[in-house]
Amino acid sequence: MPLVTGNIATVVGTDGTAIQALFATMAADWRAAEVEVIGVIGEAHGLPDRTCSAGVLRDIVSGKPYSIYLEVAPSNTSCHLDATGVEAACATVLDQLLSCDIVILSKFGKLEAQQRGLAMAFEAAIAAGKPVLTTVSDKHREAWHDFAPDAVFLPANELAIQSWWHAQRGN
């Protein structure tokens, strides 16, 4: 059963690193304006010749990094994504959820499409009526639509995100 998701904004674009940097900028700006922002932002590992760029999820509140990179990919995939690290980051977000104004979740991806990774944080934020800012790759867009059919899609720019946020705040 799909969740009610009108307060979810999905930033679309082809450059995941630039979108994560945009999320970091938005979080810093909002925190400076005394908005209670929680969540995690992805940082690539920067290693050459890898099909998977997963590196770290950084907690917005504490700055704590959660490693989500496996040195050796499991035998059934070329992806170096460490689900254990993603789920540890998710637990931190869940602990912070009740006191926030907005949740930024780095992305809805492979793990979340399988109801793992940050899926519980997405579900809890939506159930609590918190605005959620995220991104999704084209590869997982169908699973995202099934999960959050009412999510809005925004271009990867500050003005579009700020307009969405102001609509959420009612100003």
Side-chain angles (χ1 to χ4, degrees), residues 5 7-33 35-70 73 78-94 96-97 100-114 116-122 125-126 130-141 143-144 147-148 151-165 168:
T5 55
N7 61 342
I8 297 179
T10 312
V11 175
V12 294
T14 57
D15 187 346
T17 302
I19 291 172
Q20 296 303 305
L22 177 59
F23 287 174
T25 297
M26 300 308 302
D29 289 352
W30 287 331
R31 289 174 60 87
V35 174
E36 295 295 325
V37 182
I38 68 161
V40 289
I41 296 173
E43 297 175 4
H45 54 62
L47 299 172
D49 303 322
R50 302 291 174 128
T51 58
C52 177
S53 66
V56 167
L57 285 178
R58 187 160 312 272
D59 176 53
I60 292 170
V61 174
S62 69
K64 179 180 178 180
Y66 291 88
S67 177
I68 59 169
Y69 176 76
L70 293 171
S78 63
C79 184
H80 289 256
L81 184 60
D82 180 6
T84 303
V86 178
E87 289 162 1
C90 181
T92 296
V93 172
L94 291 170
Q96 300 167 351
L97 189 63
C100 76
D101 297 318
I102 186 169
V103 181
I104 298 175
L105 296 172
S106 64
K107 73 184 238 180
F108 182 94
K110 174 177 147 181
L111 292 176
E112 293 74 25
Q114 300 168 353
R116 299 177 57 210
L118 297 173
M120 286 180 60
F122 277 103
I126 293 165
K130 304 293 182 172
V132 176
L133 179 64
T134 194
T135 189
V136 63
S137 68
D138 287 339
K139 183 177 182 179
H140 301 291
R141 184 92 35 103
W144 175 240
F147 182 82
V152 298
F153 288 87
L154 302 174
N157 68 62
E158 287 184 46
L159 181 59
I161 294 170
Q162 285 291 17
S163 293
W164 168 81
W165 172 240
Q168 295 303 305

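Reckoned from all heavy atoms, side chains included, excluding hydrogens, waters and symmetry mates. Position 1 is the first residue of the sequence; numbering continues from there.
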Legend entry - Non-hydrogen side-chain atoms of Asp101 and Trp30 separated by less than 4.5 Å: no

Legend entry - Taking every non-hydrogen atom, the tightest pair across Ala125 and Val103: CB-CG2, 4.0 Å

Legend entry - Nearest heavy-atom neighbours spanning Gln20 and Ser106: NE2-O, 2.8 Å

Inset, instruction - Can you sort out the partners of Phe108 under ring-ring contact (aromatic ring centres under 6.0 Å, His included), two or more places apart, ordered by chain and number? - result: Phe122, Trp144, Phe147

Legend entry - Value rounded to 0.5 Å, distance of CD1 in Ile41 from CG in Asp59: 9.5 Å

Inset, instruction - Kindly give the heavy-atom pair with the smallest separation between Gly42 and Leu57, and that separation in Å. - result: CA-CD2, 3.8 Å

Legend entry - Note, Gln168 side chain near Ile102 side chain (heavy atom, < 4.5 Å): no

Legend entry - Gap between atom OG1 of Thr135 and atom CZ of Phe23 - 0.5 Å precision: 5.0 Å

Inset, instruction - Give a yes or no answer on whether the side chain of Glu43 reaches the backbone of Val56 with a donor-acceptor pair at less than 3.5 Å. - result: no

Legend entry - Point-to-point distance, once rounded to the nearest 0.5 Å, from CE of Met26 to CD1 of Ile60: 11.5 Å

Legend entry - Glu112 side-chain N/O to Leu118 backbone N/O, donor-acceptor pair under 3.5 Å: yes

Inset, instruction - Taking all non-hydrogen atoms of both residues into account, name the closest pair between Ala151 and Thr10 and its distance. - result: CB-OG1, 3.7 Å

Inset, instruction - Could you tell me whether the side chain of Val61 reaches within less than 4.5 Å of the side chain of Glu36, counting heavy atoms only? - result: no

Inset, instruction - Identify the two heavy atoms, one from Gly85 and one from Ile68, that lie closest to each other, and give their separation to 0.1 Å. - result: C-CG2, 3.7 Å

Inset, instruction - Tell me, with the steps shown, if Leu94 and Cys90 meet side-chain contact (heavy atoms from CB on, under 4.5 Å). - result: CA-CA 6 Å; Leu94 291 170; Cys90 181; 4.1 Å; yes

Inset, instruction - List the atom of Ala156, the atom of Leu22, and the distance in Å for their closest heavy-atom pair. - result: C-CD2, 3.6 Å

Legend entry - Separation between CG of Leu159 and CH2 of Trp164, rounded to the nearest 0.5 Å: 14.5 Å

Legend entry - Distance in Å, Lys107 NZ paired with Ile19 CD1, rounded so as to fall on 0.5 Å steps: 9.5 Å

Inset, instruction - Measure from the side-chain N and O atoms of Glu87 to the backbone N and O of Arg116, and report whether any donor-acceptor pair falls under 3.5 Å. - result: no

Inset, instruction - Measure the CG-CH2 distance between Leu154 and Trp165 for me, rounded to the nearest 0.5 Å. - result: 13.5 Å

Inset, instruction - Could you tell me whether the side chain of Val93 reaches within less than 4.5 Å of the side chain of Met120, counting heavy atoms only? - result: no

